[in-house]
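Scope of the values below: all heavy atoms of this structure, side chains included, with no hydrogens, waters or symmetry mates. Below, chains carry the letters A, B, ... as their sequence lines are ordered, and counting in each starts from 1.
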2 protein chains.
Amino acid sequence: MIDSSSQTIDNNSAHDDKTLSGQTTVALREAIIKGEIAPGEKLNEPKLAEQFQVSRGPLREAIRRLVAMRLVRHVPHVGATVVTLELNSILELYDVREALEGKAAALAAENMSEEDIAKLRALLELHRQHSQENPGEYMQTEGDFDFHYQIIKGSGNRLLTDQLCDELYHLIRMFRFQTSRFKSRSNRALIEHEQLIYAIEQRDPQLAEMLMRKHIARAKASIRDALNDSETGSLDQP
Amino acid sequence: MIDSSSQTIDNNSAHDDKTLSGQTTVALREAIIKGEIAPGEKLNEPKLAEQFQVSRGPLREAIRRLVAMRLVRHVPHVGATVVTLELNSILELYDVREALEGKAAALAAENMSEEDIAKLRALLELHRQHSQENPGEYMQTEGDFDFHYQIIKGSGNRLLTDQLCDELYHLIRMFRFQTSRFKSRSNRALIEHEQLIYAIEQRDPQLAEMLMRKHIARAKASIRDALNDSETGSLDQP
DNA sequence: CCTCTCTTTATTGTCAACAATATTATCGTT
DNA sequence: AACGATAATATTGTTGACAATAAAGAGAGG
């Protein structure tokens with residue numbers, strides 16, 4: 001077992017929030033991420049309150065939290081709508097990821113404990129094994145972020161971790177859900193993860209940062225190519 | 001042109017929010033940043049609602065937005081408290097700034113229009129002039145972020161801009177308010193800004209990023225030194 | 001037939017009362 | 001006197017009703 005909070009990636013500051021607002025937040029969040037509420041769709045407060053069996057108060061609070069997570073946009077006196085992830089937003093997201101996770105990798109190379117590094121390598125071997133047995137499986141995407149998640153946490157920077165794991169993570173999840181038909185090149189990711197962990201083991205912050213940045217930049221490029229080819233401008237509409 | 005709201009740094013998604021929640025948000029936010037509500041202090045909802053002449057509803061919403069801005073921490077059924085900026089949090093903040101603003105500088109070198117670059121240089125000259133006439137003046141701090149702000153906007157990345165200017169910016173302001181007794185080395189900043197704008201003019205993303213990162217890293221180091229000296233080690237424990 | 005205005009409707013913003021939980025104070029026991 | 005359990009208090013969470021604003025529709029005029 002890697003960590004007490006490793007399989008529950010969701011820490012979201014609401015992991016132990018038994019309050020109605022908290023529960024409604026995760027329910028609404030998941031509904032949006034899974035596409036049960038379509039991108040661009042308007043969030044009708046009375047309707048959703050009825051649907052989630054809560055009053056409008058907690059529902060409004062949930063909406064505000066999702067606004068902070070950038071899953072929802074809000075205009076005063078008009079209402080809230082689910083964000084639409086056009087290609088441009090995705091590319092912007094990956095630029096931010098590159099900057100933040102690159103720094104996280106550098107800090108991880110400096111601050112991560114030897115045990116945590118060992119656990120990280122164990123996790124990588126697990127993914128490699130799984131990938132060999134069932135090639136092209138779902139785990140690579142979840143597992144991929146598992147790996148990144150451990151490095152981010154290994155940075156020891158709380159602000160960085162919160163920004164990446166509480167806010168941006170759910171945006172990434174939403175995007176992956178919408179484009180799950182595209183299977184990612186998991187072999188390449190595995191190789192790059194291997195290089196990355198080696199840099200961390202060598203305690204080389206600059207190399208770790210460079211490798212992480214290139215890793216994410218390549219993912220970004222591959223997304224741009226895939227989406228440019230496949231849709232030719234006609235994928236992102238609902 | 002990217003946006004028309006350039007001199008009003010506060011865009012905060014509430015710039016034209018005439019709603020009570022919006023007004024309460026900025027009022028409460030400024031009160032916290034200026035220290036009228038002390039760091040670590042608890043936010044008593046009935047008391048603050050009375051103070052701001054609003055009901056608890058809008059006040060609660062304001063608090064939630066400030067939680068998203070990381071100016072306030074919230075625990076279910078216990079309440080909200082103003083964050084305490086220990087040295088550690090500040091250093092973490094500057095690491096995140098280094099990553100994000102570094103990338104912003106690189107993107108600005110790629111995407112900024114020639115006119116915007118010209119305006120940026122004009123702004124720098126203005127600050128230099130002001131700095132010569134009244135050495136060691138307040139403007140350098142506000143002006144410093146003005147400069148950074150223009151570069152961030154010049155990146156053309158909306159997510160990046162929002163993260164830096166809507167959320168982190170207010171944390172920085174709060175920190176500066178609390179430590180206004182320390183005068184920053186404005187001469188050095190001016191020189192480094194000069195180098196930075198030159199790299200942008202040359203359309204050299206890598207150099208621009210490097211310069212911005214070093215610029216912020218130096219600011220971080222100078223903060224660490226100043227705070228370590230002045231408070232003699234009794235600062236970072238809670 | 002289209003367009004503009006006014007009315008109607010629906011939706012968001014705000015409020016004050018109620019319920020649930022945590023904090024504090026009190027009291028008894030060791 | 002110190003500690004722990006229990007009751008009183010204060011604060012947060014939730015609810016439904018009310019007010020203000022925007023969207024939708026009807027009707028008159030061009």
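For B:Thr19, no side-chain nitrogen or oxygen approaches OP1 or OP2 of C:dT12 to under 4.0 Å. Proximity of A:Asn44 to the phosphate of C:dA10: no side-chain N or O atom is located under 4.0 Å from OP1 or OP2. Checking the phosphate oxygens (OP1, OP2) of D:dT14, a side-chain nitrogen or oxygen of A:Ser21 falls inside 4.0 Å. Contact annotation: A:Arg60 side-chain N/O to C:dG13 OP1/OP2 distance is under 4.0 Å. Note on A:His74: a side-chain N or O is less than 4.0 Å away from OP1 or OP2 of C:dG13. Taking side-chain N and O atoms only, A:Lys42 has a distance below 4.0 Å to OP1 or OP2 of C:dT12.
Atom pair B:Lys47:NZ and D:dA10:C1' shows a separation of 14 Å (rounding to whole Å applied). Straight-line distance from the CZ atom of B:Arg56 to the C1' atom of C:dA19: 12 Å, rounded to whole Å. Spacing between atom CD of B:Glu50 and atom P of C:dA16 amounts to 11 Å, rounded to whole angstrom units. Note: CG (B:Leu59) to P (C:dG13) measures 16 Å, nearest angstrom. In this entry the distance linking CD of A:Gln53 with P of D:dT15 reads 10 Å, nearest Å.
The side-chain contact (heavy atoms from CB on, under 4.5 Å) test with A:Leu164 singles out one residue from A:Thr161, A:Asp162, A:Asp166, A:Leu168, and that residue is A:Leu168.
Of the possible polar contacts, none joining the B:Thr84 side chain to the B:Glu86 backbone as a donor-acceptor pair under 3.5 Å is found.
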